[in-house]
Every structure is written in C-alpha cells, then in structure tokens.
Amino acid sequence: MAKKKTDKVRPQVLKGFRDYPPPEQIARETMIGNVRSAVELMGFLPLQTASLELAETLLGSHYTDDNLAELFGFVGPDDVNMALRYELTVSLARYVAANPNLALPFRRYQYGNVWRVDKPGPGRYREFMQFDIDIVGTSNILADAEIIAAMVAVFDGLGINNYKVKYSSRKIMNGLIKFAGIDDNKAADVMRVVDKLNKQGKDAVIAELGAGRTDRSGDKIKGVGLTDSQIAEIEKFLDSVSGSGNSLETAESLLGSVQVSVEGINDLKAIESHLSSMNIDKNKTEIDLTIVRGLAYYTGPVFETVLLDLPEFGSVFSGGRYDNLVSRFVGKQIPGTGASIGVDRLLAALIELKALKLEQSVSKVLVTVMDPERLPDYLKMLHQLREAGIPSEIFVGDSKNITKQVKYADKVGIPFVLIVGSNEFEAGQVTIKNLKAGKEKAKETSEREEWLKAEEIQVTISADKMLEYLKGELG
RNA sequence: GCUGGGGUAGUUCAGUUGGUUAGAACGCCUGGUUGUGGACCAGGAGGUCGGCAGUUCGAGUCUGCCCCCCAGUACCA
C-alpha cells in the first residue's frame, strides 16, 4: 500500500448477504416454531444435513460452467472441491442414497440456509433460508395429497386464512406438448415460459414462446421459437382451463387422447378425493392447470400457493413431485415429492398481514441497580422474576445513574422497569414503571415532574405483590 | 448476464458558470437530571464527497476506467 489510509475495517456485510436484527430474528424463530409444530403433527421428521457438500454432489451430471457460476464453490482443505448447498433437496437425495436402511417412505422436514451466487434483488439474497417438507421413496399419489395437506396445515398454523394452495400436474402439460407436436427437448423451455403466466401475463408468454420479446427496460428476451400453430395450441389450452367451470373436464375433452395427460388428470382426481376425505377445506385448495413450475426436474403434481391479500408476494410455498433426483446417486429410482417455503418472503408476508408482530426485546422487566450496595437484593429479585417465568434482566452496564438505566430499557424495548431505592427498601416496597404507558402519557403532558411520576405509569407496591402485579400486567 | 437510474455525515438530502474552512434536518453522544425513558435547554462528535487516474492555478462539481447501491429483466440445475 502506498500510504496508510486507515487501520479500521469497514463494518460491511458481503454483497447479497444480510444481518437479521433481533426484532426480525425473534419473529422468524416464532414463525419457524409454528411451522415445525404443524408438520410434526403430520409425522414429518427433522433432518439436518451439512452446509458444505462435494461439488459433484450438488452438480452431478449438470456440471456445466453455467451452473458452476451460481455456486459458492471453492477448493477446501485436502484439495477437495466443495461448495455451499444451493438448496436442500439435493442433500436429501444424497442422504437417502447413502442410507439404504432408511425406512421408506421417509417424511422429513429441514430448514436451513442455502447460498446462490445470484444477482441480489428486492427480497432476494445470496444467503437465504428455506424450509422444506418432502416424502421420499413412494410414487403413491397419496404422498402428494399429504404434502398439500401439510401446506394447508402450515398456513392455518401461522394464522393465515386467506390463501389458496393451487395444484396441477406436469403430465398434463407434457401431453399437450406432445399433442402440439413440440420437440421433446423444448419441453423444459415451454414449462419455464408458461410458468411466467401470472407474473408477466399472457401476451408476454406467447411472445416468448415464439420469437421473443422486449422487457420494460428495453432488454431483449430470447424466445423458444415455437411455430404459430404450436403456440396457438398452448394458448387454446391455457384459455380454456383458466375460464370458469371444471378445468379437469375441459382438459379431458382437449387431451383425452393423450395418455400422459390422462395420467395427470387421474392423479389430480385422486388428490382431490384424498383431500376431501381428509376434510381439507375446499376453499383452501384449487386445481389450476396453468400452474407448471419453472424448474426442469418436476415430473408429476406441482404445487403453488397464493396469499389472496398479497398476490404481489408471489408463491411463498411451492414444490412438486420429482421422480429422478435420487437416481443420480444410486442405480435405482427413488421417487419423491415435496414443497419448500421461502422463509423470509413468508415472514415479510406475515408481518405485512399483521399475523405476527415485531417484538423489540425478549425481556419484560429490567431490574435497575439503584444502590450498588444492595446488589445482592437486586439479584434476589431478578431470580424471583425468572423463577416465575417472567423474562427479566438486570442492568449490567457501567453507569450507576438511573437515567441511563431507564433509557436503556426504553431503547431496547423492555416494557417494565423495577426501581428499588432506599425509600422502597425501608418500606418493604418496589416501584414498577410501565414504559409503554409512559409513552402514551408523554403525548398528554410536557410537564416533566407530572410525567415522571404519574400514577398511570408507575406504581409503588408491597414487595410481595411484585410477581402478582407483573403477571397481571403481562397477561 | 442485460437495460436504466444513482453514490456528499448514522439517515434523508442541499451544495451556484469549477473557487478559499463541504452544509441542513433528523438521529447519535455529553450535561442540565447519581430517584426516572419522552418534551425542553446548553454543548459535542461524526465526512478519504464510492475508488483510481486524468484535465486545471484550483475538482464534491468536468472526462475515463473500476467498484458498489437501487429498479426492471434473464438464468436458477
């Protein structure tokens, strides 16, 4: 370095990474707890897998430069080529393949961070959390119905009411692609483009299936290059099944001669019937044949969700059946089906819906240290509070001055402050100050003395009534 | 990756045709107030003007390259 500019390091997070401040993290963990309860009630088992995997595990036969660029990969100790996982499903497949004694079907849930070298966007980071539920080792369509039932249970468990779990089957669209005479190697592209229907609209999809289009910023997007008649076939299908009426019947009349499509239709009928037997509210699920999902590996039923009050959030919980994933590791096919929650997107939605409120602090009471000589007494009170199950802390800062201590409580959002000085000790009393009430009172008065000691914001009561009083106030 | 818009205190921003010591508001810190968070009063800290190079007597301001942020879009195994 030519000249020493500064010896201080910039407190910067990496591009695409972020910190979760306590209020957000508290809410996140509450939410995750609720999701866990919901899926454990349905028999899903927790699994945790390694964050780092062999590069070849993650990429397999898709080991191309393009994919490599999306991985946080590096050469680690012992010259091993490794990378951070970019999703949880591949690790599940590896785990299942590595444990031949595992009881199948295996229903597991897993939540954890995944990493992708993506361009960060709104609500989009290079490190983010997914919460997955999957059932591996069965091709029985009942498993797909269970996944949908779990999705419903999760939303209900989170206190979200106005939502819809939509499902369809890849097989129907696969049949349509065959029926329209579209080359097999374009099938994945067609799915990818049709998947944009909700977000970009029909015109954009049709343009992109053909010659391509130009987006709002003026950027050119390459098309799939289908012929006009092929596009017309797809358009006709999408139009007919998105109208009102029974879309399965419509699909049957259009594609009744295509075997794959008929299989898909029958799968959906079976799922519908299972859900009905499970007493799943009919308003909470819906067959929507325009749903295809963008990813290439889905082979059967696919699931998506929409929060009806926040459609702009997109699908916060989605997935589908994948029958070939595990075959990469073992010779035989092990089919699976599952769905994944974008944890932070769902959290943002919950906050937006006010189904979860942000808490600043976990402590409910701050025990101030008014007289350092009486510290043992303060610690005794602290112990009492904690024994009684009231989350509490004692002021551990250097300052002895009470102003600082109350200010601290205010700043970190602790609602009650316990003040016990010589007056209280002599009378066998404690003073409990309610900071939230104080905030309200501050709007009424600018008189300092009146505000500080107003009855509504603080009480001085007998020390043995302390717990009872606080329990009452904290509900 | 592509297209467009940006980068001046912690935050939001102002900064004249290039001109001396780069400002405001809010926030933060200290004190008034070691028995009380707000309000109020007094004081204070905080900036390599995103980076590097160039033009110029002189650059926050002009030029080039790079970096980063924001928005849209593509890819997402």
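Throughout, a chain's letter reflects where its sequence line sits, starting with A, and its residues are numbered from 1. The figures that follow rest on heavy atoms only: side chains count, while hydrogens, waters and symmetry mates do not.
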Candidates [options] - which lies nearest the side chain of [X]:
X      : options                : answer
A:K199 : B:rG35, B:rG37, B:rU73 : B:rU73
A:W451 : B:rC76, B:rG38, B:rU36 : B:rG38
A:N401 : B:rU36, B:rG35, B:rU34 : B:rU34
A:L295 : B:rG35, B:rG37, B:rA77 : B:rA77

Could you say whether A:K433 or A:W115 is positioned toward the 5' end of RNA chain B, judged by the nucleotide with the nearest heavy atom to each? A:K433

Same-atom distance ([atom1]) from [N] to [M], integer angstrom:
N      : M      : atom1 : value
B:rG64 : B:rG47 : P     : 31 Å
B:rC76 : B:rU12 : P     : 35 Å
B:rU48 : B:rG60 : C1'   : 13 Å
B:rG23 : B:rC49 : P     : 14 Å
B:rA59 : B:rG50 : C1'   : 16 Å
B:rU73 : B:rG27 : P     : 37 Å
B:rG7  : B:rC62 : P     : 11 Å
B:rU33 : B:rA25 : C1'   : 27 Å

Between B:rG35 and A:E424, counting only base atoms on the nucleotide and side-chain atoms on the residue, is there a donor-acceptor pair under 3.5 Å? yes

Are A:Y95 and A:Q110 linked by a side-chain donor-acceptor pair shorter than 3.5 Å? no

Distance alone, cut at 3.5 Å: any donor-acceptor contact between the side chains of A:Q458 and A:T431? no

Give me the distances for all protein-to-nucleotides 27-30 of chain B N/O pairs that come in under 3.5 Å?
residue, atom, partner, partner atom, Å
B:rC29, OP1, A:K411, NZ, 2.9

For RNA chain B, which consecutive runs of 3 or more Watson-Crick or G-U pairs (each distance under 3.5 Å) count as stems? B:1-7 with B:67-73, B:10-13 with B:23-26, B:28-32 with B:40-44, B:50-54 with B:62-66

Using side-chain heavy atoms (C-beta onward) and a distance below 4.5 Å, is A:R85 in contact with A:W115? yes

Taking the side chain as every heavy atom from C-beta outward, state whether A:Y86 and A:L58 have any pair of such atoms under 4.5 Å apart. yes

Of A:D144, A:D267, A:T337, the one forming a side chain to side chain donor-acceptor pair (under 3.5 Å) with A:R321 is A:D144

To the nearest Å, give me how far apart [atom1] ([X]) and [atom2] ([N]) are.
X      : N      : atom1 : atom2 : value
A:D203 : B:rU73 : CG    : C1'   : 17 Å
A:F416 : B:rG37 : CZ    : C1'   : 14 Å
A:K439 : B:rU36 : NZ    : P     : 18 Å
A:E87  : B:rC76 : CD    : P     : 13 Å
A:D189 : B:rC76 : CG    : P     : 8 Å
A:D195 : B:rC76 : CG    : P     : 10 Å
A:L452 : B:rU33 : CG    : P     : 13 Å
A:R126 : B:rG1  : CZ    : C1'   : 12 Å

May I ask you to say what [X] touches in the nucleic acid, namely base, sugar-phosphate or nothing, with a heavy-atom cut-off under 4.0 Å?
X      : answer
A:L435 : base
A:L418 : nothing
A:Q458 : base
A:Y86  : base
A:T368 : nothing
A:I419 : base

Within 6.0 angstrom of A:N99 CG, more than 12 heavy atoms from elsewhere: yes

Counting only heavy atoms from other residues, nucleotides and ligands, does the tally under 6.0 Å from NZ of A:K441 exceed 12? yes

Of all residues at least two apart in sequence or in a different chain, which pass the side-chain hydrogen bond (donor to acceptor under 3.5 Å, both in side chains) check with A:E304? A:R293

Looking at A:K199, A:K196, A:K202, A:K222, which hits salt bridge (Lys or Arg N to Asp or Glu O under 4.0 Å) with A:E208? A:K196

Would you call A:E24 and A:R18 a salt bridge, taking side-chain N to carboxylate O under 4.0 Å as the test? yes

A:E468 with A:K471: basic N within carboxylate O range, under 4.0 Å: no

Given B:rA74, is OP1 or OP2 found less than 4.0 Å from the side-chain N or O atoms of A:K196? yes

Is A:Q200 near enough to B:rU73 that one of its side-chain N or O atoms lies under 4.0 angstrom from OP1 or OP2? yes

Identify each atom pair where a protein N or O and an N or O of nucleotides 39-43 of chain B are less than 3.5 Å apart, giving names and distance.
residue, atom, partner, partner atom, Å
B:rA39, N6, A:R448, NH1, 3.0

Go through the structure and list residues passing side-chain contact (heavy atoms from CB on, under 4.5 Å) with A:D288, not counting sequence neighbours. A:K166, A:E286, A:T290, A:I291

Taking only residues at least two apart or on different chains, which pairs with a member in residues 419-459 of chain A satisfy ring pair (Phe, Tyr, Trp, His ring centres under 6.0 Å)? A:Y378-A:F425

Any sub-3.5 Å donor-acceptor pair from A:T305's side-chain atoms to A:S315's backbone N or O? no

